[in-house]
Visitor: 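Encoded as structure tokens, here's the structure I'll be asking about.
Being a predicted model, the structure only gives us computed values, none of them experimental. Numbers restart at 1 for each chain; the letters A, B, ... are given by sequence-line order, proteins then strands.
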Amino acid sequence: MPELPEVETIRRGLGRQLPGRTVLRVRVHQPRLRWPVPRRLGREFPGQAIDSVERRGKYLLLRSHAGTVIVHLGMSGSLRLADPQAPRQLHDHVEWLLDDGRCLRLHDPRRFGAVLWTTGDPLTHRLLVHLGPEPLGRSFNAAYLYQRTRNRSASIKSLLMNSRLVVGVGNIYASEALFAAGIHPARAGGRVAHARCARLVIAVKQTLRRAIRAGGTTLKDFADSDGRPGYFRQQLQVYGRADEPCMCCGTPLSQRVIAQRSTFYCRRCQR
DNA sequence: CCCGATTCCTGTAGGC
DNA sequence: TGCCTACAGGAATCGG
């Protein structure tokens, strides 16, 4: 489900609500997520005040003095602040009871998400240590993208979605950014010239910034930490629009599987 | 190292 | 209505 704009939307919501709150108790109803929820979380996190809510790629970090909770939402995960009295829904797997009488709940039907606990520097955790630059940061620039794509035969789309190259760009925003840059998603990374890398970097940043401003994309069930949907769906140019006219030239948009995922593009505007 | 395919899991939409 | 298949916002892992 969530790509960087959706995770960032949740981070902003939680960042307004959680810092300063103390976790009274962690309840794990289903520990079998992408990886088992560590038992230490329930022993070591309660009693801690949450210092900050940060994001690295699509990972959320709830930092406390004793350690950091690392949350990944996978394909179908969401985090909601709720009244603990409200009945738990099917697939509400983990809940954190807070000292203000509310609770944070992780809902994740497909269980591709993860909840981990680390007492060290979370950025050196094995899942985070090899992550590429943040797409909205300065180090994600034309020179970097050009250098990293040289001699690569994989499609530019798969490289954009490779978190070792750049984090946070998933299946929706890869299609959107490639359309905005006029680059065919199946083009080999090594065949994207420098000027096009520059355009692509700008397109990625602009697409993600606009999506964040709209509160993310709700295709089916994405909601922020207060349960509100995102509105970027109305601004999608190609994703989910197979056979509909290109916003730019009117040609019916194409859909095909690239990098094992449904990909949407305009065969006339993207080369 | 790089690449593409497979895998984890549940819900839902569409065809018959 | 029911049954079956395909597909869905991610990404680690494996075999070549």
Visitor: Is any N or O donor-acceptor pair between the side chain of A/Arg111 and the base of B/dC9 shorter than 3.5 Å?
Guide: no

Visitor: Quick one: label A/Arg164 by what it contacts on the DNA or RNA (base, sugar-phosphate, nothing), any heavy atom closer than 4.0 Å.
Guide: nothing

Visitor: Check whether any side-chain nitrogen or oxygen of A/Ser262 sits under 4.0 Å from OP1 or OP2 of C/dA8, and answer yes or no.
Guide: yes

Visitor: Contact class for A/Lys58 (heavy atom, under 4.0 Å): base, sugar-phosphate, or nothing?
Guide: sugar-phosphate

Visitor: Given A/Tyr59 and A/Arg55, is the side-chain hydrogen bond (donor to acceptor under 3.5 Å, both in side chains) satisfied, shown in steps?
Guide: CA-CA 6 Å; A/Tyr59 292 90; A/Arg55 180 187 59 71; over 6 Å; no

Visitor: Under 4.0 Å between a side-chain N or O of A/Ser153 and OP1 or OP2 of B/dC3?
Guide: yes

Visitor: May I ask you to evaluate whether A/His72 reaches the phosphate of C/dG10, defined as a side-chain N or O under 4.0 Å from OP1 or OP2?
Guide: no

Visitor: Quick check: are there more than 12 heavy atoms from other residues, nucleotides or ligands sitting under 6.0 Å from CZ of A/Arg138?
Guide: no

Visitor: When you check the phosphate oxygens OP1 and OP2 of C/dA8, does a side-chain N or O of A/Arg261 lie under 4.0 Å from one of them?
Guide: no

Visitor: Rounded to whole angstrom units, what separation is found between the CG atom of A/Leu127 and the C1' atom of C/dG10?
Guide: 12 Å

Visitor: Can you see if the side chain of A/Gln260 gets near the phosphate of B/dG4 - specifically, an N or O under 4.0 Å from OP1 or OP2?
Guide: no

Visitor: Between A/Arg261 and A/Asn171, is there a donor-acceptor pair closer than 3.5 Å when you use the side chain of the first and the backbone of the second?
Guide: no

Visitor: Test A/Glu54 against A/Arg63 for salt bridge (Lys or Arg N to Asp or Glu O under 4.0 Å), laying out the working first.
Guide: CA-CA 8 Å; A/Glu54 292 165 36; A/Arg63 287 179 173 273; 3.0 Å; yes

Visitor: Below 4.0 angstrom from OP1 or OP2 of B/dG11, is there any side-chain N or O of A/His91?
Guide: yes

Visitor: Could you tell me whether the side-chain ring of A/Phe112 sits stacked on the base of B/dC8, using a centroid cut-off under 5.5 Å and a plane angle under 30°?
Guide: yes

Visitor: So A/Tyr59, base contact, sugar-phosphate only, or nothing? Heavy-atom distance under 4.0 Å.
Guide: sugar-phosphate

Visitor: Mind checking the C1' distance from C/dG9 to B/dC3? Whole angstroms is fine.
Guide: 23 Å

Visitor: Quick check on side-chain hydrogen bond (donor to acceptor under 3.5 Å, both in side chains): which of A/Arg25, A/Arg105, A/Arg80 does A/Glu95 satisfy it with?
Guide: A/Arg105

Visitor: For A/Lys220 and for A/Ala154, find the nucleotide of DNA chain B with the closest heavy atom, then tell me which residue's nucleotide is more 5'.
Guide: A/Ala154

Visitor: Determine the contact category for A/Leu90: base if any of its heavy atoms lies under 4.0 Å from a base atom, sugar-phosphate if only primed atoms, P, OP1 or OP2 are that close, otherwise nothing.
Guide: sugar-phosphate

Visitor: Which is true for A/Arg34 with a 4.0 Å heavy-atom rule: it touches a base, it touches only sugar-phosphate, or it touches nothing?
Guide: base

